[in-house]
Amino acid sequence: MRRALIATLMVFMAAPVYANSDKCEAIFTCKLKSKAVEVCDTHNGNLIYRYGKSLDKPEMKVILPYEKASMSHWNGVGRYQNTILNIPNKNTTYSIFNSFDSISQHTQSGVWVEVNGEQVSELICDSDSVHHKLNDIDYLPAAD
């Protein structure tokens with residue numbers, strides 16, 4: 001009986017955490033003052049970006065095939081260890097970032113918003129609300 005219980009618990013512990021009703025695994029979440037942002041992976045070739053006061057009923061939701069997104073990881077040189085996930089939507093790009101300063105030991109995460117190639121906003125996450133798996137993503141195209 002005990003072995004069956006342990007085996008059952010291990011199956012549930014190994015299962016991915018699914019976000020909201022879209023049945024996808026959260027790869028980035030954070031709170032931005034009164035709003036929140038989330039990127040999740042459907043594991044069927046799509047990412048979903050949500051932003052708003054309620055992620056169950058987001059103000060913005062973008063469903064994007066893997067090949068339209070892009071990723072850049074720290075190349076091993078420099079003070080800032082940045083990981084960036086780019087989510088394009090028409091003329092706007094949402095760049096989800098996690099940046100670690102190797103000198104100050106400070107980490108900052110958030111979203112850069114670019115419209116027509118020009119940064120129009122930087123949304124900084126509440127530091128204690130950030131959960132991400134950006135460093136584990138190796139299946140998206142590399143950013144230019």
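As a basis for the values below, the full set of heavy atoms in this structure was taken, side chains included, without hydrogen atoms, waters or symmetry mates. Please read all numbers here as calculations on a predicted model, not as lab measurements.
Between I84 and W112, the closest side-chain pair of non-hydrogen atoms falls below 4.5 Å. Looking at heavy atoms from C-beta onward, Y51 lies in side-chain contact with L123 at the 4.5 angstrom threshold. At least one side-chain heavy atom of Y94 sits under 4.5 Å from a side-chain heavy atom of V113. At least one side-chain heavy atom of L64 sits under 4.5 Å from a side-chain heavy atom of P88. Two residues are said to be in side-chain contact when any heavy atoms from C-beta on lie closer than 4.5 Å; R50 and C40 meet this criterion. Between D41 and C24, the closest side-chain pair of non-hydrogen atoms is not below 4.5 Å. Counting only heavy atoms from C-beta outward, the side chains of Y80 and I103 never approach each other to under 4.5 Å. Using a 4.5 Å cut-off on side-chain heavy atoms (C-beta onward), I63 and T42 make no contact.
The two atoms that bring C125 and G110 nearest to each other are SG-CA, 3.6 Å, heavy atoms only. When every heavy atom of P65 is checked against every heavy atom of N46, the shortest pair comes out as CA-OD1, 3.3 Å.
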Could you walk me through whether T83 and F28 pass the side-chain contact (heavy atoms from CB on, under 4.5 Å) test, one step at a time?
CA-CA 12 Å; T83 304; F28 183 90; over 6 Å; no
Walk me through whether D101 and R79 qualify under salt bridge (Lys or Arg N to Asp or Glu O under 4.0 Å).
CA-CA 6 Å; D101 182 331; R79 172 181 178 172; 2.8 Å; yes
Between I96 and Y49, is a side-chain contact (heavy atoms from CB on, under 4.5 Å) present by the stated rule, with each step listed?
CA-CA 10 Å; I96 313 305; Y49 171 87; 3.6 Å; yes
Begin with the C-alpha distance, continue with both residues' side-chain angles, and end with the deciding distance and a verdict on side-chain contact (heavy atoms from CB on, under 4.5 Å) for L47 and L85.
CA-CA 11 Å; L47 298 176; L85 169 60; 4.2 Å; yes
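For the atom pair E38 CD and K61 NZ, the distance stands at 10.0 Å (nearest 0.5 Å). Q81 CD to N135 CG: the interatomic distance, rounded to the nearest 0.5 Å, is 9.0 Å. Interatomic distance, CD of E114 versus CG of N91, reported as 11.0 Å (0.5 Å rounding). Rounding to the nearest 0.5 Å gives a distance of 9.5 Å between OG of S121 and CG of L32. Here NZ of K31 is found 12.5 Å from OG of S127. Values are rounded to the nearest 0.5 Å.
With sequence neighbours left out, F100 forms a ring-ring contact (aromatic ring centres under 6.0 Å, His included) with no residue at all. For K35, the salt bridge (Lys or Arg N to Asp or Glu O under 4.0 Å) partners two or more places apart in sequence, or in a different chain, are E59.
Using a 4.5 Å cut-off between side-chain heavy atoms of Ile, Leu, Val, Met, Phe, Trp and Tyr, with links allowed through other members, V115 and V37 fall into the same hydrophobic cluster. Residues I27 and I87 share a hydrophobic cluster, clusters being chains of Ile/Leu/Val/Met/Phe/Trp/Tyr side chains in contact below 4.5 Å. Hydrophobic clustering keeps I124 apart from V130 (ILVMFWY residues linked when any side-chain heavy atoms are closer than 4.5 Å, directly or through intermediates). Hydrophobic clustering of Ile, Leu, Val, Met, Phe, Trp and Tyr side chains at less than 4.5 Å, counting indirect connections, keeps L140 apart from I48. In the hydrophobic cluster analysis, where Ile, Leu, Val, Met, Phe, Trp and Tyr join through side-chain heavy atoms closer than 4.5 angstrom, V39 is grouped together with M71.
Distance alone, capped at 3.5 Å, is enough to place a donor-acceptor pair between the H73 side chain and the I137 backbone.
In the displayed structure, E67 atom CD is contacted under 6.0 Å by more than 12 heavy atoms of other residues, nucleotides or ligands.
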